[in-house]
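Any value given below was found using the heavy atoms of this structure, including those in side chains, with hydrogens, waters and symmetry copies removed.
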Amino acid sequence: MSTPPVRVETGTDPELAVVTINHPPLNLYDRDLHTALLEAVTALETQRPRGALFRAEGKVVSGGVDVRDAFLPLAQNSDVEAGRRYFAELVELGERVHLLPFPTVFAAHGLTLTWAFELALACDLIVAGESASFGLIEATVGLTPAMGGTQRLAERVGQGRAKYFVMTAGRFGAAEMERWGAVDRMVPDDEVDATSRELARSLAAGPTRAHAATKEILRELAVGGLGEANAHTAEIAGALFGTEDLRGAMESFVEQGHGKATFRGR
């Protein structure tokens, strides 16, 4: 039996789910990987861990898309409707990752092209190795990114840089991406796995109900601007007073001081 291209594991830390892409040799996006990634996201939605780490095996995170498998038949047949359906699935996939109600971290240890960078941008935080590089190179085959990467990159770095990044179809290093704000933390290559795991683990062990509220407020900001976010903040943040985590943390703070509370995501 062949190894599945995506696996979801909890390992020794049941609070943290680790999603590993392993589709050698280059982790190219094809129909098999598409199906496996959809199944992995469904598992996260069902299992509801308190955090998730997305990572990849191999020398690169991904060399991009297997054009012959994913796009060439559609192009040869000028099949616009099939293209729309496929891209609708990609947009939905990115949005489902974006909407996961717990912290998500993406580890980029090497070349991270097209769908892989779009998946990273759908996560909350991106950790990159010093030699990692990124690109949305769909323009080289006459396409534009269709998993939400363009718009999510624009949220992070602004529309001008997003246009430059996508339209030039270039490859950009981790240091530049960190300066732009597209990457949240750059570390030495040999520290990517440990750093990203520890970050994801610490977030998963923290006040995940509060983290979910933070994500929800920021989504309101993205949709309607500051006014919309302000209009919903009281309702979103106020609901936290009904959680066990907040009550326990408040009592811990009064009795033991700062930083002693433990959280269970309830």
How far does [atom1] of [X] sit from [atom2] of [Y], to the nearest 0.5 angstrom?
| X | Y | atom1 | atom2 | answer |
| --- | --- | --- | --- | --- |
| Met147 | Glu89 | CE | CD | 10.5 Å |
| Leu37 | Ile21 | CG | CD1 | 6.5 Å |
| Met250 | Leu246 | CE | CG | 4.0 Å |
| Leu121 | Leu153 | CG | CG | 5.5 Å |
| Arg219 | Leu221 | CZ | CG | 12.0 Å |
| Leu93 | Leu119 | CG | CG | 7.0 Å |

Measure across [X] and [Y] and return the closest heavy-atom pair with its distance rounded to 0.1 Å.
| X | Y | value |
| --- | --- | --- |
| Phe102 | Lys215 | O-NZ, 2.8 Å |
| Gly64 | Thr114 | CA-OG1, 3.1 Å |
| Val8 | Ala40 | CG2-CB, 3.6 Å |
| Pro5 | Leu33 | CB-CD1, 4.0 Å |
| Ala169 | Thr140 | CB-CG2, 3.7 Å |
| Val192 | Ala128 | CG2-C, 4.0 Å |

Checklist line | Pair Thr243, Arg209: side-chain N/O donor-acceptor within cut-off below 3.5 Å | finding: no
Next item on the list: Classify the side-chain pair Thr20/Arg55 by whether it contains a donor and acceptor separated by less than 3.5 Å.
Entry: yes
Check: Are any side-chain N or O atoms of Glu178 and backbone N or O atoms of Val183, one a donor and one an acceptor, separated by less than 3.5 Å?
Finding: no
Note to self: Looking at Asp245 and Gly265, would you say the former's side chain and the latter's main chain have a donor-acceptor pair under 3.5 Å?
What the structure shows: yes
Check the hydrophobic clustering (I, L, V, M, F, W, Y; side-chain heavy atoms under 4.5 Å; chains of links allowed) and say if [X] and [Y] are grouped together.
| X | Y | answer |
| --- | --- | --- |
| Leu113 | Phe165 | no |
| Val105 | Met186 | no |
| Val67 | Ile137 | no |
| Ile236 | Leu99 | no |

Margin query: Just checking Phe134 against Phe117, ring centres under 6.0 Å apart?
Written below: yes
Is any side-chain heavy atom of [Y] closer than 4.5 Å to one of [X]?
| X | Y | answer |
| --- | --- | --- |
| Leu199 | Val127 | yes |
| Val166 | Pro145 | yes |
| Val187 | Glu130 | no |
| His211 | Leu203 | yes |
| Glu57 | Asn27 | no |
| Glu138 | Thr144 | no |
| Leu100 | Leu44 | yes |
| Arg50 | Phe263 | yes |

Notebook entry, point to check: How would you list, by chain and number, every residue that makes a salt bridge (charged side-chain N to carboxylate O under 4.0 Å, His left out) with Glu176, sequence neighbours excluded?
Noted result: none
Checklist line | Within 6.0 angstrom of Arg7 CZ, more than 12 heavy atoms from elsewhere | finding: yes
Next item on the list: May I ask you to check whether over 12 heavy atoms, not counting those of Glu198, lie within 6.0 Å of atom CD?
Entry: yes
Margin query: Evaluate Trp115 against Ser62 for side chain to side chain contact (heavy atoms under 4.5 Å, CB included), listing each step before the verdict.
Written below: CA-CA 8 Å; Trp115 73 273; Ser62 178; 2.7 Å; yes
Check: Should the ring pair Trp180 and Phe172 be called parallel, tilted or perpendicular, given that the plane angle runs from 0 to 90° and is split at 30 and 60?
Finding: tilted
Check: For Tyr86, is the NZ or CZ atom of Arg31 found under 6.0 angstrom from the centre of its six-membered ring and inside 45 degrees of the ring axis?
Finding: yes
Note to self: Enumerate the side chain to side chain donor-acceptor pair (under 3.5 Å) contacts for residues 90-106, please, sequence neighbours excluded, ordered by first and then second residue.
What the structure shows: Thr42-Arg96, Glu45-Arg96, Glu95-Arg152, Thr104-Asp124
